[in-house]
J.: 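Starting off with a structure, shown below.
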Amino acid sequence: MPATVHVRELTADDLDAAWELGRFAFGSDPQRPAPASAPVPGLTRYGAFDDTGRLVGKAVDLHHDQWWSGRAVPAADVAGVAVAPEARGRGVARALLAGLLRGAHERGAAISVLYPTVAAPYRACGWESAGVLRTVDLTTAALPRHRPASHLTVRAGTTADLAAVGALYETVARHRNGMLTRRGGLFDAADRGLPGDGVTLVEADGELVGYATWQRGRGYGADSVLTIDEALAVTAEAAGELVGVLGSWASVAPTLRLCPLDGDAVSIQLPLESAREHERDLWMHRPVDVALAVSARGWPAHTRGVVDFGLTDPLAEWNTGTWRLAVADGAAELTRVDGEADLRLDVRGFALLYAGAARARSVAQAGLLHGAGDPAALDLLGAGGPAQLLDYF
């Protein structure tokens, strides 16, 4: 393959070749879908081309926003990365991701998350493992017994309830770190039909306080599975009501499959000690623009401090330099300063600290933080607790 790789946004004329590249990479159905000619709101497709003009790599920048302690942070979440077999190991993915990061930076993205099929190529480009989306199986009959509460109403949801469901999701998600806002072009353009096979709602005085979206699956024997796409509640009573409804499926769906959200009202009522892992999807994080990543997010109101550090980011040179982090009153700022700092941080170490995936001493032990200063000073960057995702993309 020629050494030069040209990266640019894909046009409608490139989409057939991009689909074919994805089919080979991911083993998709060979039946080609109807070609898309119009741009899709909320995403940017990138392609890498060799000197002959052949498409040898592709990736998609998803224009998500993510909640970080009460504030929506613009993200460039990455999906659909594929490289032609003949071009692998020749720097195509690196060039492609560098181009995607430049474009994301220009449009104002602050951070980036992706789900890797293999971590090493993304780690070499500055992303680092920060969490896992877990799918677990529970024995439906093991769910705690529940006596319906007289002040709560349980009913089936309709499309008219979707706005309230979205608002409740936001109530749960916005004060956590990392969860998608589910706003913007990708979500505005989505099919507004009921998700899955059904939606179960719990209301108190006409106000939605809990919901579960589910897929029934097939059969009613020993191998029948009820898949819960999402089950969230804003009160313990509503969570108990949902768990009771889910437990009522025991006679026809012996297994319940769901992604638990750590520490939320529903998860703490589930017998997770007996859960069997069905699937785990590693996700990786990196900053797109470190200054914006810091200023755009929320910070714990009680956290205060100042620390200087150097940062190295070979793929996003605008992040490289010496920075001063100042945190106070629920906000933070990252400003450039002159000279060298006692602490020197690799961009992967920044990703781990920002996402709350590791403490600074652990980052130093991993070789991603160096210098004569006390590594614990950079725990300031990780204030706010670990990030978690509930969406796969």
J.: Any heavy-atom pair between the side chains of R276 and T139 that's under 4.5 Å?
T.: yes
J.: Anything under 30° is parallel, anything over 60° is perpendicular, the rest tilted; go ahead and classify Y354 against W299.
T.: perpendicular
J.: Do L256 and L143 make a side-chain contact, defined as non-hydrogen atoms from C-beta onward lying under 4.5 Å apart?
T.: yes
J.: Should T213 and I228 count as side-chain neighbours, where that means a heavy-atom distance under 4.5 Å?
T.: no
J.: Tell me the closest heavy-atom pair linking S112 and W127, and the distance in Å.
T.: OG-NE1, 3.1 Å
J.: Is the closest basic N to carboxylate O distance between D14 and R8 below 4.0 Å?
T.: yes
J.: Do H146 and S248 touch side chain to side chain, with heavy atoms closer than 4.5 Å?
T.: no
J.: Could you grab the distance from atom CG of L352 to atom CG of D346, nearest 0.5 Å is fine?
T.: 9.5 Å
J.: Look at the rings of Y392 and Y115 and say which category their plane angle falls in: under 30° parallel, 30 to 60° tilted, over 60° perpendicular.
T.: tilted
J.: Give the C-alpha distance, both sets of side-chain angles, the deciding distance and a yes or no for salt bridge (Lys or Arg N to Asp or Glu O under 4.0 Å) between D313 and R286.
T.: CA-CA 10 Å; D313 188 346; R286 92 165 337 266; 2.8 Å; yes
J.: Between R134 and D281, does any side-chain N to carboxylate O distance fall below 4.0 Å?
T.: no
J.: Have E128 and H285 got a donor and an acceptor in their side chains that come within less than 3.5 Å?
T.: no
J.: With side-chain contact (heavy atoms from CB on, under 4.5 Å) as the test, pick out the partner of C259 among L389, V136, T135.
T.: T135
J.: Please test K58 against E9 for salt bridge (Lys or Arg N to Asp or Glu O under 4.0 Å), starting from the C-alpha separation and ending with a verdict.
T.: CA-CA 9 Å; K58 74 177 189 75; E9 291 186 30; over 6 Å; no
J.: Can a donor-acceptor pair be found between the side chains of N177 and S69 at a distance below 3.5 Å?
T.: yes
J.: Say whether T181 and R174, considering side chains only, have a donor N or O and an acceptor N or O under 3.5 Å apart.
T.: no
J.: R183 and E170: salt bridge (Lys or Arg N to Asp or Glu O under 4.0 Å), yes or no, with the steps?
T.: CA-CA 10 Å; R183 300 175 179 175; E170 186 165 304; 2.7 Å; yes
J.: Looking at D137, is its backbone amide N or carbonyl O close enough to the side chain of T255 to form a donor-acceptor pair, meaning the two atoms are under 3.5 Å apart?
T.: no
J.: Compare every heavy atom of L133 with every heavy atom of W283, then report the nearest pair and how far apart it is.
T.: CD1-N, 4.0 Å
J.: Looking only at heavy atoms, which two atoms of E86 and R90 are closest? And how far apart?
T.: O-NE, 3.2 Å
J.: Of all residues at least two apart in sequence or in a different chain, which pass the salt bridge (charged side-chain N to carboxylate O under 4.0 Å, His left out) check with D264?
T.: none
J.: Nearest 0.5 Å, please: how far is OG1 in T153 from CG in D205?
T.: 8.0 Å
J.: Is the number of heavy atoms from other residues, nucleotides or ligands under 6.0 Å of R359 CZ greater than 12?
T.: no
J.: Can we say R361 and D374 salt-bridge, meaning some charged N sits less than 4.0 Å from an Asp/Glu carboxylate O?
T.: yes
J.: Looking only at heavy atoms, what is the nearest atom pair of V81 and F26, with distance?
T.: O-CZ, 3.2 Å
J.: Under 3.5 Å, is there a donor-acceptor pair between the T335 and W323 side chains?
T.: no
J.: Just one of V78, D77, L180 clears the side-chain contact (heavy atoms from CB on, under 4.5 Å) bar with L62, so which one?
T.: D77
J.: In Å, rounded to the nearest 0.5 Å, how long is the span from CG of L390 to CG of L232?
T.: 6.5 Å
J.: Thinking salt bridges, do R216 and D197 make one under a 4.0 Å N-O criterion?
T.: no
J.: So, taking the atom named CG in L15 and the one named CD in E20, what distance separates them when rounded to the nearest 0.5 Å?
T.: 13.0 Å
J.: Can you name the nearest heavy-atom pair linking Y220 to S224, along with the distance?
T.: CA-CB, 3.9 Å
J.: Okay, side chain of H175, backbone of V172: is any donor-acceptor separation there less than 3.5 Å?
T.: no
J.: Answer yes when R155 and D161 have at least one side-chain N-carboxylate O distance shorter than 4.0 Å, and no when they do not.
T.: yes
J.: Hey, mind stepping through V202 and T235 against side chain to side chain contact (heavy atoms under 4.5 Å, CB included) and telling me if it holds?
T.: CA-CA 10 Å; V202 181; T235 69; over 6 Å; no
J.: Quick one about T52 and D50 (side-chain donor to acceptor, distance below 3.5 Å, no hydrogens or angles considered), yes or no?
T.: yes
J.: Compare all side-chain heavy atoms of L21 with those of R23 and state whether any distance is below 4.5 angstrom.
T.: no
J.: State which residues pass salt bridge (charged side-chain N to carboxylate O under 4.0 Å, His left out) with R280; sequence neighbours excluded, sorted by chain then number.
T.: E277
